[in-house]
Amino acid sequence: MGIRINTLMPGWIDTPFNDPFWEYQQDPEGRRSEIERQIPLRRQGQPDEVSSMVLFLHRPPGVYIAGTSIVIDGGYTAV
């Protein structure tokens with residue numbers, strides 16, 4: 001009892017995890033701009049925007065949330 005399972009599904013989050021992808025691109029800045037134009041909020045997410053959701057789920061306002069997937073992608077999958 002008391003175990004809750006939720007899934008966080010981040011989209012483009014600006015972290016070093018993406019560095020190999022950017023290094024592979026012939027025009028990294030151009031590719032970044034192209035990707036960001038496809039995101040409705042027109043930018044990549046920041047790590048604190050994901051960690052804030054983790055903290056929210058752990059604190060009283062989020063303790064009744066269970067069994068769901070939360071997409072944190074600036075609206076990318078919604079379009």
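Note that the structure is predicted; figures quoted are calculated from it, not measured.
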Side chains of [X] and [Y] in contact at under 4.5 Å (non-hydrogen atoms):
X   : Y   : value
M9  : I70 : no
P40 : V79 : yes
L55 : S52 : no

Go through I72 and M53 one step at a time and tell me if the side chain to side chain contact (heavy atoms under 4.5 Å, CB included) criterion holds. CA-CA 9 Å; I72 305 171; M53 180 55 70; 3.8 Å; yes

I'd like to know if the side chain of D73 pairs up with that of T77 as donor and acceptor (distance under 3.5 Å, no hydrogens or angles considered). yes

Should the pair R31-E36 be classified as a salt bridge under the 4.0 Å nitrogen-to-oxygen rule? no

Please determine if D27 and R32 form a salt bridge, counting it only when a charged side-chain N lies under 4.0 Å from a carboxylate O. no

Treating [X] as the side-chain partner and [Y] as the backbone partner, does any N or O pair qualify as donor plus acceptor under 3.5 Å?
X   : Y   : result
N18 : I13 : yes
N6  : T68 : yes
R4  : G67 : no

Shared hydrophobic cluster for V50 and L57 (ILVMFWY, side-chain gaps under 4.5 Å): yes

Under a single-linkage definition using a 4.5 Å side-chain heavy-atom cutoff for Ile, Leu, Val, Met, Phe, Trp and Tyr, are F21 and I39 assigned to the same hydrophobic cluster? yes

Can you list the steps and then say if W12 with F17 is a ring-ring contact (aromatic ring centres under 6.0 Å, His included)? CA-CA 10 Å; W12 283 98; F17 178 82; 9.6 Å; no

Candidate pair Y24 and D19, rule side chain to side chain contact (heavy atoms under 4.5 Å, CB included), full reasoning: CA-CA 9 Å; Y24 177 76; D19 289 350; over 6 Å; no

Quick check for you: to the nearest 0.5 Å, what is the distance between D14 atom CG and R43 atom CZ? 10.0 Å

Inter-residue atom distance L41.CG - Y76.OH, 0.5 Å rounding: 13.5 Å

Is there a side chain to side chain contact (heavy atoms under 4.5 Å, CB included) between F56 and I65 once you walk through the steps? CA-CA 10 Å; F56 172 80; I65 298 171; 3.6 Å; yes

